[in-house]
Amino acid sequence: MGVDLRELIPDDAKIIIEDLRTLRGRVIAIDGYNALYQFLAAIRQPDGTPLMDGSGRITSHLSGLFYRTINIVEAGIKPVYVFDGKPPELKAKEIERRRVVREEAARKYEEAVQAGDLESARRYAMMSARLTDEMVRDAKALLDAMGIPWVQAPAEGEAQAAYMARKGDAYASASQDYDSLLFGSPRLVRNLTISGRRKLPRREEYVEVKPEVIELDKLLSKLGVTYENLVDIGILLGTDYNPDGFEGIGPKKALQLVKVYGSVEKIPKPLLKSPVEVDVAAIKKYFLQPQVTDNYRLEWRNPDPEAVKRILVGEHDFSAERVNAALDRYLKAFRENIRGEQKGLSKWFAKPGKQG
DNA sequence: CTGATGGA
DNA sequence: TCCATCAGG
């Protein structure tokens, strides 16, 4: 789930994106695991059944990735997907916790199906969704066919995306989680891969979800803290590396403690109660000096429509008609927005360099 | 989630 | 053109 900074982020540290085209020309490093997981959880029938091909293999993630990437390219954004590598050892406990939650949800899903409770079934199906290695391989193959670059992170994808944004290779990172801010991403785009209307859980209400950009500089100045302070605040609230956080400390108190004492280490021990030992220094190091790589090239190669059709239609039983229609849109958008072949005038304009 | 469809 | 609804795989 990552660190929950939601309540700490003032409205004036966010820019709501009314039209995706405001990000035209920008390279955005998208948290691939996060995006696929969202598609996998969301693209389901009312009873929770995901989309599947004739062999029973799940295809929700491919459907979401394909159509969303097309929309992103149509808006003129240059996406690069960043995938997780080996999770840090410190994350083992959180990974285990998620596994337990998923298995429990899978049990409740079966119960809800038996009871004919569609709404619960769908909810538990979403909660029990698990992204497999095969799904990630499928996704990478589809991106290759579409000419969209992807980067294999050595460890955390969010750390790698943040690093690429810090270097100026990307304008922003994109994820639903806030972790990339703790990894130092200068800008975080949320809701890039889930715009539209979203149903509130357990309610017959819908909210309009729009993409938003959170600027790290602005966030820090509004909160009146340094970047390292923000990492400390995250640790007090709880991160994937110390999911329980500290007893009785929410956003308000975390901010206050860090401001008063200057760092987690300087906060008097009696104020920091935790059921388990927390290695603050080790966690801090994960955020401040994460394992990342320079071994990537951001190249938007020409799409291979036949390869796209081979994957989606040939292997996964997508409708050829729908895929062809989407590909037409995509190839046009790719030529105009990525290649810059609009009206044959591209040679008059300088190629954009560093982002930001 | 996303695109297609059909009625207002 | 807008929106609600449905199906997609």
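Heavy-atom basis, side chains included; hydrogens, waters and symmetry copies ignored. Sequence lines set the chain letters: A, B, ... in the order given, protein chains first and strands last, and positions in each chain run from 1.
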Just how far, in rounded Å, is [atom2] of [N] from [atom1] of [X]?
| X | N | atom1 | atom2 | result |
| --- | --- | --- | --- | --- |
| A:I58 | B:dC1 | CD1 | C1' | 15 Å |
| A:L20 | B:dC1 | CG | C1' | 14 Å |
| A:Q176 | B:dC1 | CD | C1' | 12 Å |
| A:L131 | B:dC1 | CG | P | 17 Å |
| A:Q38 | B:dC1 | CD | P | 9 Å |
| A:L327 | B:dG3 | CG | P | 13 Å |
| A:E208 | B:dC1 | CD | C1' | 14 Å |
| A:L312 | B:dG3 | CG | P | 14 Å |

Applying a 4.0 Å non-hydrogen cut-off, can you work out what A:Q45 is touching in the nucleic acid: base, sugar-phosphate, or nothing? base

Qualifying residues under side-chain contact (heavy atoms from CB on, under 4.5 Å), relative to A:R122, sequence neighbours excluded: A:R44, A:M126

Side-chain N or O of A:R68 less than 4.0 angstrom from OP1 or OP2 on B:dT2? yes

Between A:N71 and B:dG3, is there a contact of a side-chain N or O with OP1 or OP2 at under 4.0 Å? yes

Is the closest side-chain donor-acceptor distance between [X] and [Y] under 3.5 Å?
| X | Y | value |
| --- | --- | --- |
| A:N242 | A:T239 | yes |
| A:Y124 | A:R107 | no |
| A:D177 | A:S175 | no |

Which of residues 315-325 of chain A have a heavy atom under 4.0 Å from DNA chain C? A:H316, A:D317, A:F318, A:S319, A:R322

So if I take residues 136-150 of chain A and measure heavy-atom distances to DNA chain B, which residues fall below 4.0 Å? none

Show every side chain to side chain donor-acceptor pair (under 3.5 Å) that has at least one partner inside residues 138-149 of chain A, sequence neighbours left out. A:K140-A:Q152, A:D144-A:W150

Residue pairs involving residues 83-92 of chain A (criterion side chain to side chain donor-acceptor pair (under 3.5 Å); sequence neighbours excluded): A:K91-A:E156

Does NZ or CZ of A:R187 come closer than 6.0 Å to the centre of the six-membered ring of A:Y171, within 45° of the ring's axis? yes

Relative to the ring of A:Y37, is the ring of A:Y33 parallel (under 30°), tilted (30 to 60°) or perpendicular (over 60°)? parallel

Strictly distance-based, threshold 3.5 Å: is any side-chain N or O of A:T69 a donor or acceptor partner for the main-chain N or O of A:F66? no

Less than 4.0 angstrom from a charged side-chain N to a carboxylate O is my criterion; do A:E94 and A:R97 meet it? yes

Option from A:D244, A:D279, A:D240 for which salt bridge (charged side-chain N to carboxylate O under 4.0 Å, His left out) with A:K93 holds: A:D244

With a 4.0 angstrom cut-off to heavy atoms of chain A, pull out the first and last contacting nucleotide of DNA chain C, in 5'-to-3' order. C:dG8 to C:dG9

